[in-house]
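Below, each value reflects all heavy atoms present in this structure, side chains not excepted, and no hydrogens, waters or symmetry copies. Every chain is numbered from 1, with letters handed out A, B, ... down the list of sequences.
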Amino acid sequence: MANKYNHEEVEAKWQKTWSERKTDVSDIGQAKKPFYNLMMFPYPSAEGLHVGNMYAFTGTDIYGRFQRMQGYDVFEPIGLDGFGIHSENYAFKVGKHPVEQAKRSEKNFYRQLSVIGGMYDWSRTVETYDPGYYRWTQWLFVQMFRHGLAYRSKAEVNWCPSCKTVLADEQVIEEKCERCGNIVTKKALEQWFFRITAYAGKLLENIPKLNWSNKVLTAQEHWIGKKEGINIKYSVVDEKGVSFGDVICFTTRPDTNYGATFVVLAPEHPFISKIDGVLKKEYADQMRRYIEQAKKTSSQDRIAQGRKKTGVFTGLYCINQLTGYKMPLYVSDFVVMGVGTGAVVGVPGHDKRDFEFAEVMNIPVKRVVVSDDGKKGDITDIEDVQEENGVMINSGFLDGMPIQKAIVTMMDHLEEKGWGERVVNYHLRDWLISRQRYWGPPIPMIRCAACEKNSKGERADMPGWYTVPEDKLPVELPNIEDYKPGDDGIAPLAKHKEFYETKCPGCDGMATRETDVSDTFLDSSWYFLRYPSVGSVTADTLPFDPEITKKWLPVSMYTGGAEHSVLHLMYSRFVTMALKDWGYLDFDEPFPNFFAHGLVIKEGAKMSKSKGNVVNPDEYIKLYGTDALRMYLMFMGPFSEGGDFRDSGMEGMSRWVSRVWRMATSSLEAGTDVVASDIVVKGLHKTIKKVGDDTAKRHYNTSIAAMMEFTNLVSDHGGTLPVSLLKMFVLVLAPYAPHLAEELWERCLAHDQVGNQPGAGMSVHHQLWPEFDAKYLVENQVSMAVQVNGRLRDTIQIDIESSSNQKKIEANAQSSENVRKYIEGKEIRKIIFVPGKLINFVV
RNA sequence: GCCGAGGUGGCGGAAUGGCAGACGCUCAGGUCUCAAAAACCUGUGAGCAUAAUAGCUCGUGGAGGUUCGACUCCUCUCCUCGGCACCA
């Protein structure tokens, strides 16, 4: 059965051969035209490689192989993002120690990755849980601290009072603990943060320079969320006019300030502790009770429960200088401390949330006349509300002004008067690094109580804190048995004296190590810098080699899922910018080109274990082969959109692979006897062009369709090709079906030079992409559409030379019986002529 | 609520403002076979109509508009999916 394609045999043969011949190992040092083709790091969290991973990797790999055939030295690395909560949770689930499970996952993942046909450089893998890697993750933390970008602050964590444990967001399901079902509350802990907000401006500013899809760029833009506004200062008094200091409110709409009727503070606002002792007892008690209550529920929970906004009056007032109005000062948990200044000036006539509060608290509603229509200037339309409540109208000096102009005018006015100051705020929050968990790199910090007392420390603003000296890195994660997250939000490592007891780098006295580990997003925020340097002479002394980095970075093309639009991509950009500012890099954007691929679904439904419709690539590879699966995945739909995996479609692709095999083998058997018709030669050149153009654009589905059209054409014209043409087709096929193409290529070479076994350097994957000859793209004859009033009435065949001769085509078209039927006896008012395309008679 | 993407045959999906439905699946019929599978061939948007695979009408979520001509551009609208969200 020489004519039956044996995918198992062929694919195994080439995987072995490529590995032996180091076909895909990049020459990092000597490369002339480096092309760093990177896909997002997979995290080996579950049973193994998911078909979604394979989809992403295949789409990336085809691009890498195509670029290599364009003459680039392509480096396509692979590794595992194996630290972090996903891997840890999976280890718990299967009852294995995370260290042990990591080894098992690694083995299984690498086995699967080695059979999906990717051109991975297996000599340079990266695993985030490898001490040789996380040593440098810790080094990065140390740099952040030294440059003032790491600091400590209180932050809320999810807390299950029943399990007495900290939960990750994904373990909180509908406000309940995923394990015991109890309501999850919030708990404030001192934790480490990275000051990513210091780079908010730069992160935003660079966005137009990035060649990313709009979707991802706008997501980043919104996430950074630049807001230009003004901080307005209000003096606070009691009913007798005694001064209590100032409260500052941030607003983006100062033009509505004539309508301001109240001010609200967040429960955590520092002003509250300031006034607590001096307030009238009745107000102070009420306020304390309210704040106590508010602390127990997070704002997300309140929204989810649809609770009405409520608050407490402090007995104090803020003076609105514009109107002289005494605005009552409230405390309410709908105001969030982390947003703006943590204090809001309430304009119920122009803001829906302010209105809701005013309604409940019985606060008057005033509206301001701005905007061109002279009626309202508004974010939220609450006209109907206005009628019911008989609100006051206040025009002020902005009467009738367009909103944008009114905002600027008011800002100028407030600044002139010294009542406010223009500020820029961002939605972006600082990056919470600490995890009260086991499976991550220990944060490389040491705290010394003695130094703290004496106000000594590595940084003046953080007494008592020292970084672990660089030559003592890594701080290795000890292999402990009680690795599960424990009581009272204490990290597992905090129960191990032998781990946390250490000497103070400052005073040499007794000190303790930080026992939280870092966020898994930190691991993946710099891995792309490590890959090219793996195995270099400097790999043990530097996180990344300067020479190599200069040559290979930034990443030429980054491919991954749009679900990482904000977090991973933002963190990587931030880390890169910081490293540049510290002098380690000479570029500030890690991924100038990023392609977001779509998601795979199964028979119209999302894949999930509970539905039992998860596609395991292993089974399909066994049944149909890697190449057929690769091509089917790419054929399902546009790579940018994802696709619907259907078993019947998989069968179809498998059939086509067999057809290609038969076409090729029978062509080789027929040998020199085959003469290709013009139409086949033309078809081949058209296919080369089409597949080349579409692959570059990552329109893999239409590339494959074009290849199918070609094999259909061959089948209609004898079914065989001369070997010289077959070789060109095999080259076009190579990025998509690397094993099949390599096998056919070898056979073609053997056919060309009988008796000479092709050598290692002859791999189809080291060949250049075939050039099409433009002369074959030109048709002798074109078919032109003949329309009457825009409706198709006939098509005519015309020589290419005459296809732009309007006179001739008019005559030709009018001789058509069907066309005559529609124009006979009518006056032709106009003729639209598109050379080579159509002619349209307007009657 | 806000932002983004998208709605095309039985299905997945093709179409620089110029012949809608490429390619594949499905289904039906046929060839081969004792039979089946595989393979190959033919057909497959709906409707009208025909000796005819001559021709006609409708048709890209819906309603309008621009245009000789609209899946494609504009306005409004409905629905689906994804992201963000008391952001002041």
Roughly how many Å apart are B:A49 and B:C58, using the C1' atom of each and rounding to a whole number? 14 Å
Please report the distance, rounded to the nearest Å, between CZ in A:Arg429 and C1' in B:A88. 12 Å
Run the ring-centre check on A:Phe595 versus A:Phe639 and record whether the distance is less than 6.0 Å. yes
Check: A:Tyr632 ring centre within less than 6.0 Å of A:Phe645 ring centre: yes
For the atom pair CG (A:Asp333) and CD (A:Gln293), what is the distance rounded to the nearest 0.5 Å? 9.5 Å
Mind checking the C1' distance from B:U60 to B:G21? Whole angstroms is fine. 9 Å
Picking from B:A85, B:C68, B:A14, the nucleotide nearest the side-chain atoms of A:Val842 would be B:C68
Please classify the nucleic acid contact of A:His427 as base, sugar-phosphate, or nothing, using heavy-atom distances under 4.0 Å. base
Does a nitrogen or oxygen in the side chain of A:Arg793 sit under 4.0 Å from OP1 or OP2 of B:C68? no
Would you mind checking if A:Asp354 and A:Lys352 are paired as a salt bridge, meaning a charged N to carboxylate O distance below 4.0 Å? no
Whole Å only: how far is the NE2 atom of A:His597 from the P atom of B:A5? 19 Å
With RNA chain B as reference, determine whether A:Phe841 or A:Asp354 sits nearer its 5' end, using the nearest nucleotide of each. A:Phe841
Nearest-Å distance for atom pair CD/C1', residues A:Glu641 and B:G6: 8 Å
Mind calculating the distance between CD1 (A:Ile832) and C1' (B:A70) to the nearest angstrom? 15 Å
Looking only at side chains, do A:Thr58 and A:Tyr700 share a donor and an acceptor under 3.5 Å apart? no
Nearest nucleotide by nearest heavy atom, which residue falls closer to the 5' end of RNA chain B, A:Asp644 or A:Asn214? A:Asn214
For RNA chain B, produce a single dot-bracket line, 5' to 3'. Pairs: Watson-Crick or G-U wobble, both distances under 3.5 Å. Symbols: ( ) within strand, [ ] crossing, | other strand, . unpaired. (((((((..(((.....[....))).(((((.......))))).((((......))))..(((((..]....))))))))))))....
Contact string for nucleotides 20-33 of chain B, one letter per nucleotide 5' to 3', B = base within protein heavy-atom range under 4.0 Å, S = sugar-phosphate only, - = neither, reads --BBSSS-------
Any base atoms under 4.0 Å from A:Val335, or only sugar-phosphate, or nothing? Heavy atoms, all strands. base
Determine the Euclidean distance between corresponding C1' atoms of B:A46 and B:G10; express it in Å to zero decimal places. 13 Å
Taking the six-membered ring for Trp and the single ring otherwise, decide whether the centroids of A:Tyr571 and A:Trp431 are under 6.0 Å apart. yes
When you compare the side chains of A:Tyr234 and A:Gln321, does any donor N or O come within less than 3.5 Å of an acceptor on the partner? no
Is a salt bridge present between A:Asp693 and A:Lys689, judged by a nitrogen-to-oxygen distance below 4.0 Å? yes
Side-chain donor-acceptor contact under 3.5 Å, A:Tyr330 with A:Thr314: no
Give the rounded distance in Å between these two atoms: CE of A:Met327 and C1' of B:A88. 14 Å
Using only heavy-atom distances, determine whether the side chains of A:Tyr620 and A:Asp647 contain a donor-acceptor pair under 3.5 Å. yes
Figure out the CD1/C1' separation between A:Ile601 and B:C11, and round it to whole Å. 12 Å
Can you check the distance between B:U72 and B:A20, where both ends of the measurement are the C1' atom (answer in whole Å)? 11 Å
Can you tell me how far CD of A:Glu641 sits from CG of A:Asn701, rounded to the nearest 0.5 angstrom? 9.5 Å
B:G45 versus B:U53 - spacing of their P atoms, nearest Å: 14 Å
B:A14 P sits how many Å from A:Tyr700 OH, rounded? 15 Å
Which whole number of Å gives the distance between the C1' atom of B:A51 and that of B:G7? 42 Å
Please state the C1' separation for the pair B:G4 and B:A88 - nearest whole angstrom. 24 Å
Looking at B:G83, I'd like to know if its phosphate oxygens (OP1 or OP2) sit under 4.0 Å from a side-chain N or O belonging to A:Lys215. no
How many whole angstroms separate atom NE2 of A:His350 from atom C1' of B:C86? 19 Å
Remember a base hit wins even if backbone is also touched, and classify A:Thr341 as base, sugar-phosphate or nothing at under 4.0 Å, heavy atoms. nothing
Glycosidic conformation of B:G10, syn or anti, with 90° from 0 as the boundary? anti
